[in-house]
Number of protein chains: 2
Amino acid sequence: MLREDVTEAIRAAVFEELAAVGYARMSIEGIARRAGVGKTAVYRRWRSKLHLVLDIVSALAVQGLPAPDTGSLEGDLRLLYEVTSRALRHPVASQIIPDLQAEAARNADIAEALQKTLREGQDGVASKILAAAAERGELAPGLDTDLALDLISGPLYWRSVVVRGPKPPKGYLGSLARATAEGLKAL
Amino acid sequence: MLREDVTEAIRAAVFEELAAVGYARMSIEGIARRAGVGKTAVYRRWRSKLHLVLDIVSALAVQGLPAPDTGSLEGDLRLLYEVTSRALRHPVASQIIPDLQAEAARNADIAEALQKTLREGQDGVASKILAAAAERGELAPGLDTDLALDLISGPLYWRSVVVRGPKPPKGYLGSLARATAEGLKAL
């Protein structure tokens with residue numbers, strides 16, 4: 001195999017292993033076996049299981065979330081929710097992020113790395129939406145940004161990953177964007 | 001040991017094992033060893049590791065969440081958030097629920113049981129708050145209850161369990177209640 005093909009085979013094997021056994025039970029041996037490569041090929045690219053998974057999660061978080069620019073807070077939130085709703089149905093979000101959260105509860109390194117990934121992905125885009133809305137005068141100056149980010153990111157995550165409800169019905173994302181925009185304006 | 005003492009020793013051992021190794025790695029053997037009882041004592045009370053953990057989570061979810069009745073939507077949400085914020089800092093929420101979510105992503109039985117527990121606990125109280133607000137005329141009749149529950153439960157969960165931010169600063173819960181009430185009124 002070419003170097004790049006090996007890297008791709010390892011990435012694909014990680015997704016399959018995560019889906020099958022979860023982060024806690026996953027091993028570098030299992031990944032290497034599934035990818036059809038030696039353990040050394042994995043360790044040459046990533047220092048540990050944690051680094052391997054975080055690298056893959058970061059790459060997906062960043063590539064999946066463009067910053068919308070529709071000219072209104074509600075419109076921007078609507079677009080963000082459409083992208084996020086799709087992303088949360090990807091195995092990375094619905095299986096791997098809960099796995100990493102479970103690990104984060106008892107491992108400070110994982111907690112820090114996961115927090116950084118979430119902040120750079122979802123919260124990074126939401127911050128840009130908030131800044132643009134403040135500049136247009138839609139939001140009060142000196143808004144509590146942390147609270148605003150929780151209001152923006154929490155509800156869809158709760159529905160998709162925590163409660164694991166069905167796919168949002170027609171109209172749901174639009175109503176969510178309207179309610180969230182009104183909530184933010186009341187801050 | 002008396003029968004009740006054995007049950008209590010097992011419950012305490014489950015919390016310690018969960019905190020130490022997590023749900024995926026936890027075994028009935030490990031629980032029994034930590035509790036100082038035989039495996040049979042555990043299996044006589046609970047059919048499996050899953051039943052044991054869900055039983056404990058359900059008991060805590062129900063006992064931890066009274067239904068507030070302050071006379072206003074914002075006031076009720078404020079009280080709910082104070083109780084929930086404390087509950088989410090308990091090891092059950094911050095460690096065990098993420099563990100169970102990770103399992104739920106690949107086990108339909110766990111997903112269903114966890115969803116039932118969440119609906120009966122957090123969402124049960126939130127539903128009562130919504131019904132009282134609708135009766136007072138604070139909310140539109142025929143509101144999308146699922147969306148409303150996501151708006152109420154998502155933000156604090158995102159902050160406490162997903163991003164694992166610091167304890168909410170003074171004023172945070174009050175502002176969250178105000179913003180959420182305004183968001184719900186816009187539905």
Side-chain angles (χ1 to χ4, degrees), chain A residues 18-25 91 93-106 111-112 114-115 118-119 122-123 144 146-166 168-169 171-173 175-176 178-187, chain B residues 18-25 91 93-106 111-112 114-115 118-119 122-123 144 146-166 168-169 171-173 175-176 178-187:
Chain A
L18 278 170
V21 302
Y23 181 84
R25 299 185 192 94
S94 66
Q95 296 196 323
I96 302 175
I97 293 184
D99 277 350
L100 293 179
Q101 269 166 33
E103 293 299 311
R106 57 187 66 81
E112 198 184 317
L114 183 60
Q115 199 170 0
L118 288 170
R119 288 248 173 258
Q122 174 75 6
D123 281 4
D144 179 342
D146 277 350
L147 170 53
L149 293 175
D150 300 340
L151 287 167
I152 293 174
S153 302
L156 199 51
Y157 186 88
W158 172 264
R159 181 196 179 86
S160 309
V161 182
V162 184
V163 180
R164 307 185 79 81
Y172 176 95
L173 297 178
S175 299
L176 175 61
R178 190 171 70 248
T180 304
E182 290 309 310
L184 291 169
K185 287 173 190 174
L187 284 181
Chain B
L18 277 170
V21 304
Y23 180 84
R25 298 185 192 95
S94 66
Q95 296 196 323
I96 301 175
I97 293 183
D99 276 351
L100 293 179
Q101 268 166 33
E103 293 300 312
R106 57 186 66 79
E112 198 184 317
L114 182 61
Q115 198 170 1
L118 287 170
R119 288 250 172 255
Q122 173 74 8
D123 281 3
D144 179 342
D146 277 349
L147 170 53
L149 293 175
D150 300 339
L151 286 168
I152 292 174
S153 301
L156 200 52
Y157 186 88
W158 172 263
R159 181 196 178 86
S160 308
V161 182
V162 184
V163 179
R164 307 186 79 81
Y172 177 94
L173 297 178
S175 299
L176 175 60
R178 192 174 67 250
T180 305
E182 289 309 310
L184 291 169
K185 288 173 189 175
L187 283 181

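All chains are named by letter (A, B, ...) in the order of the sequence lines, taking the proteins before the strands, and each is independently numbered beginning at 1. All values derive from a computational prediction rather than experimental measurement.
- Of all the listed residues (Ser175(A), Gly22(A), Ser153(A)), the one sharing the greatest number of non-hydrogen pairs under 4.5 Å with chain B is Ser153(A).
- For the set Ala148(B), Ala20(B), Ala179(B), Ala186(B), the entry with the most heavy-atom pairs within less than 4.5 Å of chain A is Ala179(B).
- For residues 93-104 of chain A, every residue pair satisfying the salt bridge (charged side-chain N to carboxylate O under 4.0 Å, His left out) rule, not counting sequence neighbours, is listed here: Asp99(A)-Arg106(B), Glu103(A)-Arg25(B).
- The most heavy-atom pairs under 4.5 Å with chain B, out of Gly171(A), Gly154(A), Pro155(A), Gly183(A), come from Pro155(A).
- Side-chain atoms of Tyr172(B) and Asp150(A) include a donor-acceptor pair closer than 3.5 Å.
- In plain terms, the two heavy atoms of Ala102(B) and Ala102(A) that are nearest each other are CB-CB, 4.3 Å.
- By the side chain to side chain donor-acceptor pair (under 3.5 Å) test, Tyr157(B) pairs with Gln101(B), sequence neighbours left out.
- When each of Arg159(A), Arg178(A), Glu182(A) is checked for heavy-atom pairs under 4.5 Å with chain B, Arg159(A) comes out on top.
- Of the two parts of Val162(A), the backbone and the side chain both hold a non-hydrogen atom closer than 4.5 Å to a non-hydrogen atom of chain B.
- Contacts of Ala104(B) with chain A are made by both backbone and side-chain atoms, with heavy-atom separations under 4.5 Å.
- In this structure, chain A has a heavy atom under 4.5 Å from the backbone of Leu18(B), while its side chain stays farther away.
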